[in-house]
There are 2 protein chains.
Amino acid sequence: MKLANALTYSHTLLSQTVERGNYVIDATVGNGHDTEFLSQLVGPKGHVLGFDVQAAAITATAQRLAEAQLNNTELILAGHENVEQYLPVNQSVGGAIFNLGYLPGADKDVITHGATTLAAINGILPHLKRNGLLVLVVYYGHPGGQDEVNQLLTFAQALPQKEYHVLQYQFINQVNQPPYIIAIQKRV
Amino acid sequence: MKLANALTYSHTLLSQTVERGNYVIDATVGNGHDTEFLSQLVGPKGHVLGFDVQAAAITATAQRLAEAQLNNTELILAGHENVEQYLPVNQSVGGAIFNLGYLPGADKDVITHGATTLAAINGILPHLKRNGLLVLVVYYGHPGGQDEVNQLLTFAQALPQKEYHVLQYQFINQVNQPPYIIAIQKRV
């Protein structure tokens with residue numbers, strides 16, 4: 001079997017940690033690929049909260065979910081930095097995914113940024129269940145990408161070891177800066 | 001489920017890639033934990049070639065394998081840099097594992113070194129089958145450990161992308177320098 005690329009491995013990690021019925025978050029809906037995956041993963045009694053700043057992404061994903069007859073998802077046309085506005089105060093979260101960088105195939109000027117990404121992560125972490133997982137799939141080959149990565153790494157490396165495990169999964173001999181994973185798991 | 005530590009994940013990776021009947025290598029037999037794992041993984045028609053520079057490690061592992069009634073293993077009391085002497089010229093290799101650093105519980109003055117480790121890796125890589133995997137579990141918290149790591153990383157990052165995938169799997173927020181994984185998979 002081939003070593004899993006970052007996208008595949010992000011799904012493997014979430015499959016291993018998220019449980020049916022969980023409340024989960026797709027912080028960057030984009031083409032809806034992850035949203036649909038999460039929706040199926042948590043099942044009809046689970047709930048997916050999805051964010052995107054692009055109306056086209058929300059519309060296309062809503063249609064995709066309707067076609068797949070999945071109706072456990074709430075799509076929000078807003079930046080993920082507003083997550084606390086939409087997440088019920090006492091809601092525990094089983095998993096979350098961020099695809100950081102830009103939406104493949106769409107406007108490359110619309111990218112995520114370190115400050116808003118960190119605001120979203122900080123909004124979600126206190127809600128994570130024990131063993132709950134927040135997965136960042138980091139694309140950084142675009143202008144501004146390296147800045148975002150550096151901010152994220154600095155933040156993630158400083159997370160207290162007693163409360164979180166932080167895993168980095170990365171191919172290190174590739175020329176074209178393939179995406180990599182930072183996964184944050186709540187320990188307590 | 002909890003995120004797998006490096007030791008557990010090294011076995012997961014080998015389980016996903018090595019097939020029954022394969023010829024595999026334990027480059028650092030140590031306490032025989034990996035040797036036994038590989039022996040069971042490849043089964044009675046497979047073959048495990050194991051190296052250690054410490055006679056005590058070879059003796060204890062031979063006994064461990066005998067108790068488990070595993071007899072598909074060849075244990076060599078020599079450094080793994082001699083691998084080419086023992087590996088048949090046209091022998092293809094399904095997997096290999098290195099535990100780099102020192103043997104837990106034994107003499108901490110006996111450590112692996114970058115030069116001999118690289119000699120062993122260079123001896124094995126040409127034998128790797130397509131999708132065959134060489135896994136390095138890197139302990140680097142001891143004196144000299146960081147030097148070995150730096151040599152390995154420089155080597156691994158320079159492996160040609162068309163021939164190899166090189167994966168790094170590492171916890172990045174831990175104080176006590178836990179071991180991490182560098183996994184090299186042959187692509188062609």
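Below, chains carry the letters A, B, ... as their sequence lines are ordered, and counting in each starts from 1.
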Item to check | Part of A:Phe155 lying under 4.5 Å from any heavy atom of chain B | outcome: neither

Checklist entry - Out of curiosity, A:Asn173 CG to B:Lys162 NZ, how far, rounded to the nearest 0.5 Å? => result 13.0 Å

Checklist entry - Which value, rounded to the nearest 0.5 Å, describes the distance between B:Gln170 atom CD and A:Tyr169 atom OH? => result 14.5 Å

Checklist entry - Do A:Tyr164 and B:Phe171 touch side chain to side chain, with heavy atoms closer than 4.5 Å? => result no

Is a side-chain N or O of [X] found less than 3.5 angstrom from the main chain of [Y], in a donor-acceptor match?
X: A:Gln161; Y: B:Val175; answer: yes
X: A:Asn131; Y: B:Lys2; answer: no
X: A:Gln185; Y: B:Leu3; answer: yes

Checklist entry - What do you reckon, is CD of B:Gln63 surrounded by more than 12 foreign heavy atoms closer than 6.0 Å? => result no

Checklist entry - Is the number of heavy atoms from other residues, nucleotides or ligands under 6.0 Å of A:Gln157 CD greater than 12? => result yes

Next on the checklist: Looking only at heavy atoms and a cut-off of under 4.5 Å, which of A:Glu19, A:Arg130, A:Gln16, A:Met1 has the most pairs with chain B?
Outcome noted: A:Met1

Next on the checklist: With chain A as the partner, which of B:Ile184, B:Leu159, B:Leu167, B:Leu13 has the greatest number of non-hydrogen pairs under 4.5 Å?
Outcome noted: B:Leu167

